[in-house]
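Residue numbers start at 1 and run along the sequence shown. Owing to the predicted nature of the structure, the values given are computational and were not obtained by experimental measurement. All values below were derived from every heavy atom in this structure, side-chain atoms included, with hydrogens, water molecules and symmetry-related copies excluded.
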Amino acid sequence: MTTTKHLFAVILGISAGLFFIATGCRKSTSATTVAADSTSLYSEEYHADNDIAMTLRSITDALRVGEPLDTLDYNFEGVLTDGEGHPLYTDIQGSPGTWEVDVISPTTAVIRNIYLGDLLPDDLESYIAGSLNLTSDNIIESTEFDDDDEAQLVIYDFGGGYLRIETRAAVAPNGLEGPLMSIVAIRNDDPSKKN
């Protein structure tokens, strides 16, 4: 009888152990599912349709044909994307980075990031240049300043106007560093320069 009790206790112990293992595995699977769902919700929540290259293409096309820029058509503050709905950067609080599109005259518009974050200026410049069919042959000036702001300047001739991309290093109040970009599209009013 003691052998039977001992065998029963062993079987009960193994069963209880297997039950706890199965329960633990099921809970971790559920937690993984919830985490994956949360990530997809986060991505969908911050999807935006304002592609920076398409915004610049619209502005440069208007400038190329001599159409005056209107603040009602172009002024904007919000998230600009990489064409796939992904924000161009995340700010230091982890939110999608905010940009400002500002028409400052009928022949000039400025696009700039408002906050610091993990923006990659070289990648963004390559994306913009590629989207506008600009190559190194279109660069009329490229300068890197040796100063505290670590400023870089590239100016492209897009045929009928210029695209001036300036990047400066900046520091947030909490000490984190990041780039500030200013992209200026301006019409060239010299008729001999227009294509």
Verdict with reasoning, T55 to Y74, per side chain to side chain donor-acceptor pair (under 3.5 Å): CA-CA 8 Å; T55 300; Y74 295 105; over 6 Å; no

Chi angles and distances behind the side-chain contact (heavy atoms from CB on, under 4.5 Å) call for L116, E177: CA-CA 7 Å; L116 298 182; E177 296 181 14; over 6 Å; no

Stepwise side-chain contact (heavy atoms from CB on, under 4.5 Å) test for V103 and D70: CA-CA 7 Å; V103 172; D70 188 343; over 6 Å; no

Side chain to side chain donor-acceptor pair (under 3.5 Å) evaluation trace for Y162 with N188: CA-CA 7 Å; Y162 302 109; N188 175 8; 3.3 Å; yes

Worked check of side-chain contact (heavy atoms from CB on, under 4.5 Å) between Q152 and T143: CA-CA 6 Å; Q152 295 178 351; T143 308; over 6 Å; no

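The shortest side-chain heavy-atom distance between T81 and H86 does not fall under the 4.5 Å cut-off. Counting heavy atoms from C-beta on, the side chains of P179 and L119 come closer than 4.5 Å. You'll find the side chain of L163 stays beyond 4.5 Å of the side chain of I155, heavy atoms only. Side-chain contact check for D102 versus N75: some heavy-atom pair is nearer than 4.5 Å. With contacts defined as side-chain heavy-atom distances shorter than 4.5 Å, the pair R112/L180 does not qualify. In this structure, the side chains of L153 and E141 come closer than 4.5 Å at one or more pairs of heavy atoms. Contact annotation: the side chain of T98 never approaches that of N113 to less than 4.5 Å [non-hydrogen atoms, C-beta and beyond]. Side-chain contact check for I52 versus L88: some heavy-atom pair is nearer than 4.5 Å.
When the side chains of ILVMFWY residues are joined at heavy-atom separations under 4.5 Å, either directly or via intervening members, I114 and V184 end up in two distinct hydrophobic clusters.
Between D157 and G161, the closest heavy-atom pair is OD1-O, 3.4 Å. Taking every heavy atom of both residues into account, Y156 and I165 meet most closely at CE1-CD1, 4.0 Å. D51 and G83 make their closest contact through OD1-N, 3.2 Å (heavy atoms, listed as atom of the first residue, atom of the second, distance). In this structure, R168 and A151 approach most closely via the heavy-atom pair NH1-CB, 3.5 Å. Of all non-hydrogen atoms in G97 and P87, the two that sit nearest each other are N-CB, 4.5 Å. For the residue pair A53 and L132, the shortest heavy atom distance occurs at O-CD2, 4.2 Å.
Expressed to the nearest 0.5 Å, how far CG of L63 lies from OG of S58 amounts to 9.5 Å. Rounding to the nearest 0.5 Å places CD1 of I111 at 6.5 Å from CG of L80. To the nearest 0.5 angstrom, E100 atom CD is 5.5 Å from E77 atom CD. Taking CD1 of I186 as the start and OG1 of T108 as the end, the distance is 3.5 Å to the nearest 0.5 Å. A distance of 12.0 Å separates CZ of R57 from CD1 of I128, quoted to the nearest 0.5 Å. To the nearest 0.5 angstrom, T60 atom OG1 is 8.0 Å from L134 atom CG.
Under the side-chain contact (heavy atoms from CB on, under 4.5 Å) rule, V101 has a single partner from V110, N50, I59, which is I59.
Although no hydrogens or angles enter the test, the distance criterion places a donor-acceptor pair under 3.5 Å between the side chain of S126 and the main chain of D122. Although no hydrogens or angles enter the test, the distance criterion places a donor-acceptor pair under 3.5 Å between the side chain of R64 and the main chain of F158. Not a single donor-acceptor pair under 3.5 Å links the side chain of D118 to the backbone N or O of Y89. Using a distance-only test at 3.5 Å, with no hydrogens or angles considered, a donor-acceptor pair links the side chain of D91 to the main chain of Q93. Under the 3.5 Å distance criterion, the side-chain polar atoms of N138 are matched with a main-chain donor or acceptor of T135.
With a 6.0 Å radius and a threshold of 12 heavy atoms from other residues, nucleotides or ligands, Y115 has its OH atom at or below the threshold.
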